[in-house]
Amino acid sequence: MERPEPLEQMSPFDAVNCYFERAVELNGISSSMRDMLRMPASELRVEVPLRRDDGSVGLFVGYRVQHNSARGPFKGGIRYHPDAELDEVRALASLMTWKTALVDVPFGGAKGGIQVDPAALSATEKERLTRAYTRGICAVIGDHHDIPAPDMNTDAQTMAWLLDEYSQLNGWTPGVVTGKPVPLGGSEGREAATGRGCVVVLDEAARRLGWDEPGSVTVAVQGFGNVGSWCARIARERGYRIVAVGDERVTLHHDDGLDVDALARHHAREGTIQGFAGAEQLEPDRVLTLPVDVVVPAAVGEVIHIDNVDDVEARLVVEGANHPVTPWADRCLEERGVTVVPDILANAGGVVVSYFEWVQNLQQFRWEGARVERELRKRMTDAYTTVSTAAEENGNGLRDAAYGLAVAKVAEAARLRGAL
Ligand code: NAD
């Protein structure tokens, strides 16, 4: 196959829009509606000053991109990462618009980030940075306007600081953020939700591939943070064989299956998966190309690309991370008959339970963990069924089917509201 370099050289936002454009065509959406749905509604850039522990002052750049709110308040996580540039945050914000529409939660799409290496921050510096960022974006967020959540290198504690800072300025507002600690109004099951949702779609895809016995399905997971670690643990509980886990430093591999709970204890103790006994240690990126049935990229974007896609041996890719596969690699995988469960479906479990958390905050009522799990499973299963049925009917892959459904829903909401 000839290599169309532009496909590979696309920025993250252009890559997401490449799928969006196909959905526009599929749905016969007008060019004016297309233009309106494509671009973010607003983009806020903030300078975030930080007084370091040694008394010096650092200055960081943060963003909050609000992509679309046709179906409800803006919604999306906040990441702390050196690569959290405007184009990347835009791409992630638009993914949220399509994701919330696809799983039918009444939100739009947004994303935030600070360009910072969190490994270089102490806990107190991270708190001061979060508070300064919150002051910078507080005019554009709110429990009925824009609701942040955790993403890469942010967690429940980060959301607690955000909630506290916002509430000091505006009064107690638990619904302004999701992914909070449970004692502050967080939901049972939110921490594990994205990983759990990945396993629901893994179950559905495996069933359709005729893989009835999880014990004979081998899985490799890239990333052992929030998404990867919960995905690996829950998949293991359901009987799948987790033969490899990798991060930026190492791939751990064991043909008989890793002891994922022991690995989680090692990770909690050491802060890294490196040095875990009882596994072969391979090159970091090897996790993506091992001879396994399933690969779950659950770390950073664009890890399956033009240079390694031919080496991917898995027959099923579950996109735990956002945009882990470049458009070129996606096309190669589709041509080889590899099933790819796209990010806007595979990792939507987090925003589904964020929605449950927000509902609980507004109602001032708590759900039990069992209810959260049951309703999450139902929503993810329904979404998978809808997408795979559309894919079969239209002769598409799951990604085109998912985008087709999501973009149609947002366009309909915008039209009904009289946007155009
Ligand atoms: P996290 O910070 O908790 O974990 C990230 C993991 O990726 C860590 O194990 C880290 O070691 C690893 N990693 C970092 N750089 C890497 C590299 N270059 N190569 C390989 N591994 C690397 O982040 P998370 O919340 O688990 O998010 C992971 C992905 O899932 C992101 O793309 C995020 O946008 C997406 N996502 C997260 C959620 C959520 O609820 N947290 C929801 C939907 C999607």
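Numbering of ligands and ligand atoms starts at 1, following listing order.
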Enumerate, atom names and distances included, each donor-acceptor pair closer than 3.5 Å involving a side-chain atom of residues 291-300, sequence neighbours excluded.
from	atom 1	to	atom 2	distance (Å)
D293	OD1	R315	NH2	2.9
D293	OD2	T218	N	2.9
D293	OD2	T218	OG1	3.2

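Salt bridge annotation for R34-E21: present, with a cationic side-chain nitrogen under 4.0 angstrom from a carboxylate oxygen. A salt bridge links D382 with K378: the closest approach of a Lys/Arg side-chain nitrogen to an acidic carboxylate oxygen falls below 4.0 angstrom.
Taking a 6.0 Å sphere around CD of E25, one finds it holds 12 or fewer heavy atoms contributed by other residues, nucleotides or ligands.
Protein residues having a heavy atom under 4.0 Å from any atom of ligand 1 are R79, D151, M152, N153, R190, T194, Q222, G223, F224, G225, N226, V227, D247, E248, A298, A299, V300, G320, A321, N322, N347, listed by chain and number.
Annotation: cation-pi geometry satisfied between R233 and W230 (NZ/CZ under 6.0 angstrom from ring centroid, within 45° of ring axis).
A centroid separation of 6.0 Å or more is found between the aromatic rings of W98 and Y19.
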